[in-house]
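Heavy-atom basis, side chains included; hydrogens, waters and symmetry copies ignored.
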Amino acid sequence: MLKRYVGGDVEKTTAEILTTVEGRSERPTLAILRGNSFGLLPIVWIGIGLSVLQQFTGINVIFYYSSTLWQAVGFTEQDSLTITVITSVTNIVTTVVAIALVDRAGRRPLLVVGAVGQFICLAILTVVFATAPIVNGEPVLADTAGTTALIAANAYVVFFGVSWGPVVWVLLGEMFSNKIRALALSVAAAAQWAANFVISTTFPALADVGLGVAYGVYTFFAFVAIFFVVKFVRETKGRTLESMIDTESSRRSPGRKEPLTK
């Protein structure tokens with residue numbers, strides 16, 4: 001099997017696989033994730049950071065509250081439902097595009113482009129909602145502002161769909177060595193669901209303060225995501241799970257510049 005799909009020195013590859021699982025318990029505990037960086041290995045914190053930032057740019061606000069959101073700024077119920085359907089279809093289509101691009105472009109470049117694109121789109125939405133005139137206590141978007149908001153919202157979904165949506169999961173599946181992979185991936189996934197809960201439950205309160213404020217928060221985290229990827233995330237394209245062991249065994253600082261590519 002290794003000879004067919006991996007090629008090269010099969011015996012060496014087999015030895016590397018055995019090394020990464022050597023001493024691994026059948027029922028590992030969280031102790032294997034412990035490191036010098038605030039109690040966890042740096043690579044685990046990077047996985048948690050990716051998971052949290054994926055949610056903190058507000059993607060699920062778009063999906064969970066889409067219809068209510070557009071009605072709140074002056075669109076009819078029918079138009080709001082139509083926009084919601086278009087947004088969902090856009091997300092599906094762009095995810096298929098991401099599948100085609102992830103092995104060609106690489107994981108890290110897609111995340112950087114996606115984060116920059118999300119930041120720009122969210123900044124536009126922030127400005128549009130913050131400057132919308134208030135009528136009967138609710139913001140109302142004029143024709144030009146409404147069109148701008150629609151384009152920005154769907155462009156945001158496009159950037160998310162071709163990058164942070166699927167690519168974060170690809171990275172989480174590739175960035176951890178065999179020894180810690182199961183537990184580290186579980187911790188990162190738990191962080192993602194916790195972040196989803198926080199964003200989803202705080203949006204109504206933020207929206208009551210102002211939609212400009214809500215989208216301003218998501219814009220801030222999109223800005224943070226750009227620098228997080230540039231500084232901490234390393235490319236996993238073309239690397240095996242066995243070669244990832246150095247990222248944990250070295251217990252390096254997350255900010256230290258150690259390339260993961262050969």
Side-chain angles (χ1 to χ4, degrees), residues 49-50 52-95 97 110-165 168 195-230:
L50 283 170
V52 170
L53 287 172
Q54 184 202 57
Q55 296 299 314
F56 273 19
T57 57
I59 185 62
N60 280 318
V61 167
I62 296 289
F63 293 129
Y64 295 163
Y65 297 99
S66 180
S67 180
T68 303
L69 173 65
W70 294 117
Q71 287 184 63
V73 293
F75 286 85
T76 66
E77 181 178 1
Q78 183 61 48
D79 286 344
S80 298
L81 291 173
T82 301
I83 294 168
T84 300
V85 172
I86 292 173
T87 300
S88 300
V89 172
T90 300
N91 185 51
I92 294 171
V93 172
T94 52
T95 300
V97 173
L110 283 176
L111 287 182
V112 172
V113 171
V116 171
Q118 289 178 90
F119 169 72
I120 293 172
C121 295
L122 287 168
I124 292 172
L125 287 170
T126 299
V127 172
V128 169
F129 288 133
T131 58
I134 305 298
V135 178
N136 296 325
E138 298 290 344
V140 176
L141 299 182
D143 291 340
T144 302
T147 301
T148 301
L150 281 175
I151 294 174
N154 281 285
Y156 164 72
V157 173
V158 169
F159 281 111
F160 179 86
V162 298
S163 59
W164 283 77
V168 165
N196 178 19
F197 174 79
V198 170
I199 287 297
S200 302
T201 55
T202 57
F203 174 74
L206 287 173
D208 287 341
V209 177
L211 287 174
V213 173
Y215 278 90
V217 172
Y218 309 143
T219 302
F220 168 76
F221 283 111
F223 184 75
V224 171
I226 298 171
F227 290 94
F228 182 84
V229 174
V230 170

If you look only at distance, which donor and acceptor atoms sit under 3.5 Å apart when one is on a side chain in residues 123-133 and the other is two or more places apart or in another chain?
residue	atom	partner	partner atom	Å
Thr126	OG1	Leu122	O	2.8
Thr126	OG1	Tyr215	O	3.0
Thr126	OG1	Gly216	N	3.3
Thr126	OG1	Thr219	OG1	3.0
Thr131	OG1	Val127	O	2.7
Thr131	OG1	Val128	O	3.4

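- Inter-residue side-chain proximity for Phe203 and Leu211 is flagged as met; some heavy-atom pair is nearer than 4.5 Å.
- Nearest heavy-atom pair across Val198 and Thr202 is O-OG1, 2.7 Å.
- Atom CZ of Phe63 has more than 12 neighbouring heavy atoms from other residues, nucleotides or ligands inside a 6.0 Å radius.
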Where do Ile62 and Tyr218 land on the side-chain contact (heavy atoms from CB on, under 4.5 Å) test, with the steps shown first?
-> CA-CA 11 Å; Ile62 296 289; Tyr218 309 143; over 6 Å; no
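- Under a 3.5 Å cut-off, the side chain of Thr94 and the backbone N or O of Asn91 do form a donor-acceptor pair.
- The minimum heavy-atom distance between Ala207 and Ala214, with the atom names listed, is N-CB, 4.4 Å.
- Ser200 approaches Pro204 most closely through the heavy-atom pair O-CD, 3.6 Å.
- The side-chain heavy atoms of Phe221 and Ile199, taken from C-beta on, include no pair separated by under 4.5 Å.
- Heavy-atom minimum distance, Gln54 versus Ile59: O-CG2, 3.8 Å.
- Looking at Tyr156 and Thr57, their side chains come closer than 4.5 Å, going by heavy atoms from C-beta outward.
- Interatomic distance, CZ of Phe220 versus CZ of Phe56, reported as 11.0 Å (0.5 Å rounding).
- Closest approach of Gly49 and Phe228 over heavy atoms only: CA-CZ, 3.7 Å.
- Taking every heavy atom of both residues into account, Ser163 and Gly114 meet most closely at OG-CA, 3.2 Å.
- Rounded to the nearest 0.5 Å, atoms CG (Leu111) and CG (Leu50) are 6.5 Å apart.
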